[in-house]
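A, B, ... follow the sequence lines: proteins, then strands. Residue 1 opens every chain.
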Amino acid sequence: MYKTKIDNLDLKQIADSGQCFRWKNTGENEYTVVAFDRALRIKQDGNEFELDCDEADWNNIWKSYLDMDTDYAGIAKLIADGDDAHLKEAYAYGSGVRILRQDLWEMIVTFMISQNNNIKRITNSVDLLCRRCGHKIDGSAEGGELYTFPKPLEVPDEVFDDRSMGFGYRAPYLKEIYGYGANNPDWLDNLRKMSYDEAMESLLTRKGIGKKVANCICLFGLHHVDAFPIDTHVKQLLDKYYSDGFDFERYKGVAGIIQQYLFYFEL
DNA sequence: CTCCAGGGCAGCG
DNA sequence: CGCTGCCATGGA
């Protein structure tokens, strides 16, 4: 058990913010998080957190995952000092939203599934995929068994042909990316070394990854915080509240986080 | 019944 | 280039 205080972090807000599809609400103010082939139970009481791990795991894994190295207080000040009334309202509503540093492969596959899809169906497909092709994580009996996210070579082709997975028309894209990942084992590490623009270019060469999905992968899987994914909701919100244009220049370097506040508020 | 969901692709002009 | 129709699927 590790205890710590964290500001600008709300488990429920993050769980509902549409960036992670494998968080489970396992109790009052308690979530079970699955990432990097591990599970972690987190309990929140205000800004006090109890994490079901030791201090070494916190320092080595979860501290980074929860984006403790980003200055969220500074972003709060940037918003407060500005004159964007709608953004201030959005921030007041979801100041506990963060951009998690999630597993890159999981983000690639998950956001390919997400295209022209809804969060409930995305969650269901991801869950079915993990259950069928991942392996069980130790000590995950209570609150349902937990599984790792299937890596390349861990998903047989027939899984993509199975209609009950709910992949719909995206199934061939997923089959292709799993094959590409298997044949190009250095791809993920190379992506991690690239700039935002380079990563976008590499991602866009894959079938089923367009501009929006590539931006989500850059933001959630590579932590390129300037990535600003524009989906149907963000497009609507930009039209509604920012018909004169959004001030990307002011929020350069944190635009992706701002986008997430706006997105979460719009939901 | 239609419309929509954290879109992208191919086929046009 | 931009525009359009289509893609599979379940819920509203």
Side-chain angles (χ1 to χ4, degrees), chain A residues 12-23 35 67 86-87 90 93-94 97-129 131-132 149 155 157-180 196 199-242 246 248 255-267:
Chain A
K12 179 172 169 46
Q13 289 178 12
I14 292 177
D16 296 340
S17 73
Q19 61 177 302
C20 50
F21 299 89
R22 300 216 294 150
W23 280 34
D67 202 21
H86 180 256
L87 176 56
Y93 180 77
V97 172
R98 285 171 173 247
I99 304 292
L100 301 173
R101 295 183 188 250
Q102 301 188 73
D103 176 72
L104 177 56
W105 179 251
E106 181 171 340
M107 292 303 97
I108 291 173
V109 175
T110 300
F111 279 93
M112 287 179 74
I113 294 173
S114 80
Q115 67 158 274
N116 197 26
N117 207 343
N118 59 61
I119 291 179
K120 188 182 170 79
R121 287 192 74 245
I122 300 163
T123 304
N124 186 245
S125 283
V126 169
D127 189 55
L128 288 173
L129 180 62
R131 239 168 237 289
R132 182 154 169 183
F149 192 90
V155 183
D157 277 353
E158 68 220 35
V159 172
F160 302 111
D161 302 328
D162 183 347
R163 294 292 187 80
S164 71
M165 299 299 288
F167 296 140
Y169 71 92
R170 313 160 193 84
Y173 301 154
L174 296 169
K175 188 189 285 189
E176 199 277 341
I177 201 70
Y178 263 88
Y180 186 78
Y196 168 50
M200 282 293 289
E201 188 181 347
S202 180
L203 287 165
L204 288 171
T205 63
R206 298 294 99 215
K207 272 197 178 183
I209 301 182
K211 202 170 173 184
K212 188 269 170 183
V213 169
N215 267 307
C216 282
I217 295 167
C218 282
L219 182 57
F220 302 129
L222 293 167
H223 211 268
H224 286 305
V225 193
D226 261 327
F228 195 95
I230 299 179
D231 72 320
T232 53
H233 295 117
V234 175
K235 188 177 173 58
Q236 286 170 27
L237 133 203
L238 287 176
D239 288 344
K240 216 190 313 179
Y241 303 106
Y242 299 95
F246 181 77
F248 286 99
I257 300 176
I258 301 296
Q259 182 268 8
Q260 198 63 11
Y261 293 140
L262 295 172
F263 176 82
Y264 176 68
F265 185 51
E266 189 70 10
L267 284 190

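- Heavy atoms of Ile122(A) sit nowhere under 4.0 angstrom from any nucleic acid atom.
- Counting to the nearest Å, the P atom of dG7(B) and the NE2 atom of His233(A) are 8 Å from each other.
- For dG6(B), its base never sits under 3.5 Å from the side chain of Gln236(A) at any donor and acceptor pair.
- Between dA10(B) and Lys207(A), a contact under 4.0 Å exists linking OP1 or OP2 to a side-chain N or O.
- Annotation: side chain of Lys235(A) is in contact with side chain of Asp239(A) (closest heavy-atom distance under 4.5 Å).
- Between His86(A) and Tyr242(A), the ring planes lie perpendicular to each other; the angle is over 60°, past the 30° to 60° tilted range.
- One can place OH of Tyr169(A) at 11 Å from P of dC7(C), the figure rounded to the nearest angstrom.
- Nucleic acid contact class of Ser17(A) (heavy atoms, under 4.0 Å, all strands): base.
- dG8(B) and dG10(C) are spaced 22 Å apart, taking the P atom of each and rounding to whole Å.
- Of the candidates dG7(B), dG6(B), dT9(C), the closest approach to any side-chain atom of Arg163(A) belongs to dT9(C).
- Among the protein residues, Gly208(A) comes within range of the sugar-phosphate backbone only, with heavy atoms under 4.0 Å from sugar or phosphate atoms but none that close to a base.
- Among the heavy atoms of the strands lying under 4.0 Å from Phe220(A) is at least one base atom, whether or not backbone atoms are also near.
- Residue Asn118(A) places its side chain closer to dA5(B) than to any other of dA8(C), dA5(B), dA10(B).
- The CG-P distance, from Asn117(A) to dG6(B), rounds to 8 Å in whole Å.
- By the 4.5 Å heavy-atom criterion applied to side chains, Ile108(A) and Arg206(A) are not counted as neighbours.
- Here the P atom of nucleotide dG6(B) and the CD1 atom of Ile217(A) are 17 Å apart, to the nearest Å.
- Taking atom CE of Met200(A) as the reference point, atom C1' of dG8(B) lies 13 Å away to the nearest angstrom.
- In this pair, Phe111(A) and Phe21(A) present their aromatic rings perpendicular. The plane angle is above 60°, beyond the 30 to 60° band.
- Between dG2(C) and dG6(B), the distance separating the two P atoms is 26 Å to the nearest Å.
- dC4(B) and dT4(C): their P atoms are spaced 16 Å apart (whole Å).
- Nearest to the side chain of Arg170(A), among dC9(B), dA8(C), dG7(B), sits dA8(C).
- Side-chain proximity of Val213(A) to the nucleotides dG6(B), dG8(B), dT9(C) is greatest for dG8(B).
- Between Leu204(A) atom CG and dG7(B) atom P there is a gap of 16 Å when expressed in whole angstrom units.
- OP1 or OP2 of dG7(B) has at least one side-chain nitrogen or oxygen of Thr232(A) nearer than 4.0 Å.
- When each of Phe167(A), Tyr173(A), Phe149(A), Phe160(A) is paired with Tyr178(A), the ring pair (Phe, Tyr, Trp, His ring centres under 6.0 Å) condition holds for Phe160(A) and for no other.
- Judged purely by distance below 3.5 Å, without hydrogens or angles, the side chains of Gln115(A) and Tyr169(A) pair a donor atom with an acceptor atom.
- dA8(C) has no base stacking with the ring of Phe167(A) when judged by centroids under 5.5 angstrom apart and an interplanar angle below 30°.
- To the nearest angstrom, C1' of dA10(B) lies 14 Å from CD of Gln115(A).
- As rounded to whole Å, 17 Å separates atom C1' of dG6(B) from atom CD1 of Ile14(A).
- Look at Arg121(A) and you won't find any side-chain N or O under 4.0 angstrom from OP1 or OP2 of dA5(B).
- Rounded to a whole angstrom, the distance from the C1' atom of dA5(B) to that of dC3(C) is 22 Å.
- Comparing Arg206(A) and Ile119(A) by the nucleotide of DNA chain B that holds the closest heavy atom to each, the one mapping nearer the 5' end is Ile119(A).
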